[in-house]
Amino acid sequence: MAAGYGELLRSRHAARLLCGTLVGRLPSATGHIAIVLFVRSEGGGYALAGALAAVYGLATAVGQPLLGRAVDLYGQPRVMLPAAVLSGVGMVALAVVGTDPLPPAYAAVVMAGICTPPLEGGLRALWPSVLGRADRVHAAYALDAVAQEVMFTAGPLLVTLFVAWWSPGAALLVINVLGVLGALSVVVSAPSRRWRSAPREAHWLGALRSPGLLALLGSFLFVGVALGSITVAAVAYADDHGRESVYGWLMAALGLGALVGGAVYGARQWAGEPERRLRLLVGLLALGYLPLALTPGVAAMTGLAVVSGLFLAPALACAFVVVDRHAPRGTVTEAFSWLVTVFGVGAALGTGAAGPAVEWGGTAPGFWVAGAGGVAALLVLLATTRVLNGRGRGGDPVVSSENDRNGAVEPGFSAGHQA
């Protein structure tokens with residue numbers, strides 16, 4: 001397993017692109033935390049801190065597919081580096097101006113969010129040309145999903161360290177400088193400079209004109225709901241047990257499960273239709289969320305959290321392949337960016353739903369939201385089986401996508417646009 005990932009990372013440009021993307025995404029992974037800490041240090045209340053963080057998240061969700069479409073049209077360097085710089089300038093403006101008066105503060109976080117570069121979608125668009133073989137692209141998608149878990153675990157820790165060493169304002173500055181440097185590392189690389197999207201049909205819906213992609217996005221909206229609700233329910237569970245550290249243990253256990261599941265999933269080749277496998281993985285993901293509502297003792301709950309995370313990274317890795325297969329030609333970066341957006345929106349909805357559920361009935365109903373989100377995600381996939389299998393239009397299965405010409409399909413499929 002480790003040897004396989006080691007071989008992958010030794011491929012020319014692979015480690016640089018993965019690391020550069022992770023560093024470049026540091027602001028988006030930690031921005032909401034840094035904003036809350038900064039506002040509190042300025043004397044603002046939790047309501048203001050939450051409002052600014054929410055506006056930042058909403059602006060990011062809006063900006064990702066728009067910038068993704070721009071990348072498909074104009075290339076990565078022309079879009080991603082200016083976007084990263086503008087996003088960083090927005091956060092620097094917040095750190096310099098502060099929260100008084102409020103309109104400039106809101107303008108700064110809107111600018112920072114909407115200009116966040118679509119590095120996730122850009123990396124997944126690059127893998128086929130960098131790695132070539134389908135099995136290596138498949139492993140890279142799994143490694144990408146695992147690396148996300150590492151970033152979302154280590155990123156908040158970095159912010160708190162920067163705050164402890166310097167100040168919340170300095171933390172805002174440092175993480176955004178790092179973000180610009182990460183984006184710069186990616187866009188000056190040869191694969192990023194060479195990459196060009198396939199010719200696209202002019203259509204105002206862009207990637208969203210694909211019924212299969214819409215079905216996938218609908219499912220992963222509910223996966224996001226499940227994850228967002230867990231973060232709130234876990235806080236309530238920690239409060240019930242009188243120890244704040246319990247929350248950290250549960251989140252770490254969830255991340256550990258995702259790391260293990262993603263590493264195992266990416267270590268082998270998978271034959272057969274990825275759409276069918278995705279239904280199985282999302283079903284197992286939903287099954288893992290349901291027992292959390294039992295809220296047993298801390299040790300047992302930690303074990304359940306590990307199990308609930310096992311199929312998250314595999315489901316994401318498989319979803320990346322499905323996105324690539326269903327994205328209309330010339331829209332691959334935009335399509336991946338839409339996945340990022342709906343996932344974030346779903347997490348926000350889950351957070352909003354779990355709060356009232358906990359206040360109404362206690363900790364267990366908060367976890368019921370997670371279970372319901374997982375089940376809803378599976379039901380969407382089951383209800384759209386024909387569309388995802390490529391029979392939504394004309395009855396012919398979809399076996400090719402924009403990236404198939406670079407080998408971005410799993411074993412068992414022929415490539416339809418070879419170049």
Side-chain angles (χ1 to χ4, degrees), residues 142 145-146 148-150 152-153 218-266 276-319 343 346-383:
V146 169
Q148 283 192 112
E149 297 303 319
V150 174
F152 281 104
T153 301
S219 175
F220 273 77
L221 175 73
F222 289 108
V223 175
V225 167
L227 287 177
S229 64
I230 287 175
T231 61
V232 175
V235 171
Y237 180 87
D239 289 342
D240 290 344
H241 289 77
R243 288 183 290 166
E244 291 184 358
S245 61
V246 170
Y247 175 78
W249 280 109
L250 292 182
M251 292 296 99
L254 189 71
L256 175 63
L259 285 170
V260 172
V264 172
Y265 178 81
R276 179 180 300 175
R277 181 163 56 259
L278 183 63
R279 287 191 286 272
L280 174 62
L281 290 170
V282 171
L284 292 171
L285 188 64
L287 191 62
Y289 288 148
L290 292 173
L292 293 173
L294 298 174
T295 62
V298 174
M301 192 66 173
T302 302
L304 289 178
V306 172
V307 173
S308 70
L310 280 175
F311 297 100
L312 177 59
L316 284 172
C318 190
F343 207 79
L349 293 174
T351 300
V358 169
E359 291 185 359
W360 164 71
T363 302
F367 287 113
W368 292 349
V369 176
V375 171
L378 175 61
L379 291 177
V380 170
L381 291 180
L382 293 175

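All residue numbers refer to positions in the sequence shown, counting from 1.
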What distance do Leu304 atom CG and Leu254 atom CG have between them, rounded to the nearest 0.5 Å?
11.5 Å
I need the Leu280 CG to Leu287 CG distance, nearest 0.5 Å.
10.5 Å
Is there side-chain contact between Met301 and Leu292, with heavy atoms separated by less than 4.5 Å?
yes
Using 0.5 Å steps for rounding, measure from the CH2 atom of Trp249 to the CG atom of Leu256.
10.5 Å
Gly262 to Ala313 - nearest heavy-atom pair and separation:
CA-CB, 3.6 Å
Using 0.5 Å steps for rounding, measure from the CG atom of Leu378 to the CG atom of Leu281.
11.0 Å
Sequence neighbours excluded and cut-off under 3.5 Å, please list the side-chain donor-acceptor pairs for residues 220-237, or say none.
unit_1 : atom_1 : unit_2 : atom_2 : d
Ser229 : OG     : Val225 : O      : 3.2
Ser229 : OG     : Ala226 : O      : 2.8
Ser229 : OG     : Ala370 : N      : 3.2
Thr231 : OG1    : Gly228 : O      : 2.6
Tyr237 : OH     : His241 : NE2    : 3.4
Tyr237 : OH     : Pro296 : O      : 2.5
Tyr237 : OH     : Gly297 : O      : 3.2
Tyr237 : OH     : Val298 : N      : 3.2

Atom CG in Leu316, atom CG in Leu278: separation rounded to 0.5 Å?
9.5 Å
Listed partners of Phe311 passing ring pair (Phe, Tyr, Trp, His ring centres under 6.0 Å), at least two apart:
none
Looking at every non-hydrogen atom in both residues, tell me the closest pair between Tyr289 and Gly374 and how far apart they are.
CD1-CA, 4.3 Å
Minimum heavy-atom separation for Ala377 and Ser219, please, with both atom names.
O-OG, 2.9 Å
Minimal heavy-atom distance between Gly371 and Leu290, with the atoms involved, is CA-CD2, 3.7 Å
Shortest non-hydrogen contact from Ala357 to Val369?
CB-CG2, 4.0 Å
Separation between OH of Tyr247 and CG of Asp239, rounded to the nearest 0.5 Å
11.0 Å
Flag side-chain contact, heavy atom, 4.5 Å: Leu250 against Thr302
yes
